[in-house]
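Heads up: the structure comes next, in structure tokens.
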Amino acid sequence: MTDGPLDFGDPADLDRLRRDFRAWLAEHPLPERDPDEPVPVFLHRWHRLLHSGGWVGLDVPEEYGGRGLTALHQVAISDELGTRGVPGVPRIGYLAHALLEFGSEEQRRRLLPRMLRGDDVWCQGFSEPGAGSDLAGMSTYAHRDGGHYTVNGQKLWTSYAQYSDLCLLLARTDRTAADPHAAISAFVLPLDRPGVTVRPLRAANGDDEFCELFLDDVRLRESERVGAEGDGWPLAMTTVSYERNALDTGHLSKYGLLIERLRRVAHERRETLADGLLSEVGRCVVDYEVLVAHARRRTAERLAGRAAGPESSVDKLLMTRAEQRLYETALKVFPEELYGEGGEIFGDYLYSRAASVYGGTSQIQRNIIAKRLLRLPADRRA
Ligand SMILES: Cc1cc2nc3c(=O)[nH]c(=O)nc-3n(C[C@H](O)[C@H](O)[C@H](O)COP(=O)(O)OP(=O)(O)OC[C@H]3O[C@@H](n4cnc5c(N)ncnc54)[C@H](O)[C@@H]3O)c2cc1C
């Protein structure tokens with residue numbers, strides 16, 4: 001087994017960690033999934049098993065239930081899993097970052113160990129029917145009354161809320177503020193609280209990932225607010241900047257497996273591949289190599305203590321381009337994957353179409369790059 005794309009020619013302790021993990025994985029393989037078991041429930045079992053081995057939250061400080069190692073250690077584990085085509089460590093790092101940065105000491109000590117163990121499953125309640133890209137335009141309102149808030153509104157696209165215990169919720173707490181960004185606060189919402197209704201939505205591919213979340217006179221305690229009143233916007237930006245990266249997810253290693261397969265087939269069938277397909281495979285390889293080089297640089301920056309920041313929009317765009325082109329090309333090279341038993345590439349192809357939407361659309365990433373990284377003037381015609 002070769003090391004994955006994010007193998008940094010490892011320092012000794014990282015090398016040992018990889019070896020320990022491989023030994024653990026040999027004894028604790030991915031469990032079987034009963035076809036009737038919903039995928040999120042199965043992945044939750046996998047989360048708890050990984051945690052029992054000490055493989056979740058490696059970069060979270062020990063006092064909050066982690067192992068106090070570096071981001072590179074967590075990336076190495078994702079890399080090991082991805083290279084074996086095994087589902088990665090659950091995607092909770094971006095929510096953990098929000099709590100680490102904005103949560104009170106009491107919230108960090110109480111919520112983070114439970115999140116890492118999988119005792120509480122979290123979802124993200126940001127988007128609304130009228131507020132996705134324009135998130136600051138949200139209308140869910142938390143009215144303060146003494147030490148409580150009463151929340152009314154609706155969230156949309158809340159992934160896997162039906163399997164979740166807690167929701168990181170954004171709501172407006174000030175209807176008069178001149179700057180809407182300064183009027184938003186964040187809360188930890190228990191989904192069994194009276195007044196909360198979760199309604200799953202069936203998508204075209206048959207999955208029920210998305211939910212609508214209705215909030216009718218939901219009472220939240222002041223202590224359930226994360227950060228100060230008005231901290232919701234910077235908290236949301238921190239959350240999405242960690243959500244938009246390709247590093248911790250094992251995605252790179254997973255793409256790497258398919259790239260290798262494409263390279264091999266392109267080599268073997270180069271005389272017979274349809275016109276243009278060989279150069280499409282070449283473009284996939286280039287996109288992938290660019291993404292890997294970029295991810296390595298970003299990992300090194302994180303190790304140096306730099307926050308994810310607006311550059312995560314570059315991460316997201318590169319990842320989206322590489323992923324969408326890869327699965328599009330793979331379906332042309334392996335058209336048989338469209339049908340029959342396997343169909344895994346087809347499933348990944350379908351989901352790759354969402355990459356330019358979730359975590360902020362590609363257009364919004366370009367706006368962020370133009371404004372915050374390149375500092376280009378706004379287009380007055382818009
Ligand atoms: C698979 C998936 C999972 C998701 N999970 C969650 C979740 O768990 N929690 C959550 O809160 N949300 C979630 N979302 C929602 C996601 O964050 C939003 O879909 C996304 O931010 C876009 O918002 P919207 O759908 O309202 O589209 P809109 O904002 O209505 O955008 C429509 C189109 O207009 C374009 N556009 C809008 N404004 C501009 C602009 N200023 N400049 C240029 N173009 C613009 C957009 O790029 C897009 O093409 C998920 C979405 C997907 C696809």
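Quick note: numbers below take in every heavy atom, side chains included, and nothing from hydrogens, waters or symmetry partners.
- Side-chain atoms of D217 and T150, non-hydrogen and from C-beta on, do get closer than 4.5 Å to each other.
- The salt bridge (charged side-chain N to carboxylate O under 4.0 Å, His left out) contacts involving residues 39-58 comprise E37-R45, R48-D119, where partners must be two or more places apart or lie in separate chains.
- A heavy-atom distance below 4.5 Å is found between the side chains of H73 and L14.
- With contacts defined as side-chain heavy-atom distances shorter than 4.5 Å, the pair F126/K155 does not qualify.
- Between E63 and R109 there is no salt bridge, since no side-chain N of the basic residue sits under 4.0 Å from a carboxylate O of the acidic one.
- Classification of E27 and R22 as a salt-bridged pair fails, no side-chain N sitting under 4.0 Å from a carboxylate O.
- Ion pairing between a basic and an acidic side chain is recognised when a charged N comes within 4.0 Å of a carboxylate O; E222 and R144 show such pairing.
- Because its NZ or CZ atom is both nearer than 6.0 Å to the ring centre of Y358 and within 45° of the ring axis, K316 counts as a cation-pi partner of that residue.
- Between D348 and K254 there is a salt bridge, with a side-chain nitrogen of the basic residue lying less than 4.0 Å from a carboxylate oxygen of the acidic one.
- Residues W122 and D165 are not in side-chain contact: their nearest non-hydrogen atoms beyond the backbone lie 4.5 Å or more apart.
- By the 6.0 Å contact criterion, CH2 on W157 is open, its count of non-hydrogen atoms from other residues, nucleotides or ligands being 12 or less.
- Of the charged side-chain nitrogens involved, none lies within less than 4.0 Å of a carboxylate oxygen, so that R110 and E105 do not count as a salt-bridged pair.
- A salt bridge links D145 with R219: the distance from a Lys NZ or Arg NE/NH1/NH2 to an Asp or Glu carboxylate oxygen falls below 4.0 Å.
- Within 6.0 Å of atom CZ in R269, more than 12 heavy atoms from other residues, nucleotides or ligands are found, so the atom counts as buried in its surroundings.
- Taking the six-membered ring where the residue is Trp, Y288 and Y255 present perpendicular rings, their angle passing 60° and hence far from 30°.
- Looking at E301 and R297, a side-chain N of the basic residue comes within less than 4.0 Å of a carboxylate O on the acidic one, giving a salt bridge.
- Side-chain contact between E80 and L25 is absent, with no heavy-atom pair separated by less than 4.5 Å.
- Ring pair F21/W24 is parallel by interplanar angle, where below 30° counts as parallel and above 60° as perpendicular.
- Using a 4.5 Å heavy-atom threshold, the side chains of C284 and D287 count as separate.
- In summary, the side chains of S253 and D79 do present a donor paired with an acceptor at a separation below 3.5 Å, with no hydrogens or angles considered.
- Side-chain atoms of E209 and Y160, non-hydrogen and from C-beta on, do get closer than 4.5 Å to each other.
- Using a 4.5 Å heavy-atom cutoff, the side chains of W55 and Q74 are not in contact.
- Both the sub-6.0 Å distance and the 45° axial angle are satisfied by R175 relative to the ring of Y141.
- Within a 6.0 Å sphere centred on CD of E32, other residues, nucleotides and ligands contribute 12 heavy atoms or fewer.
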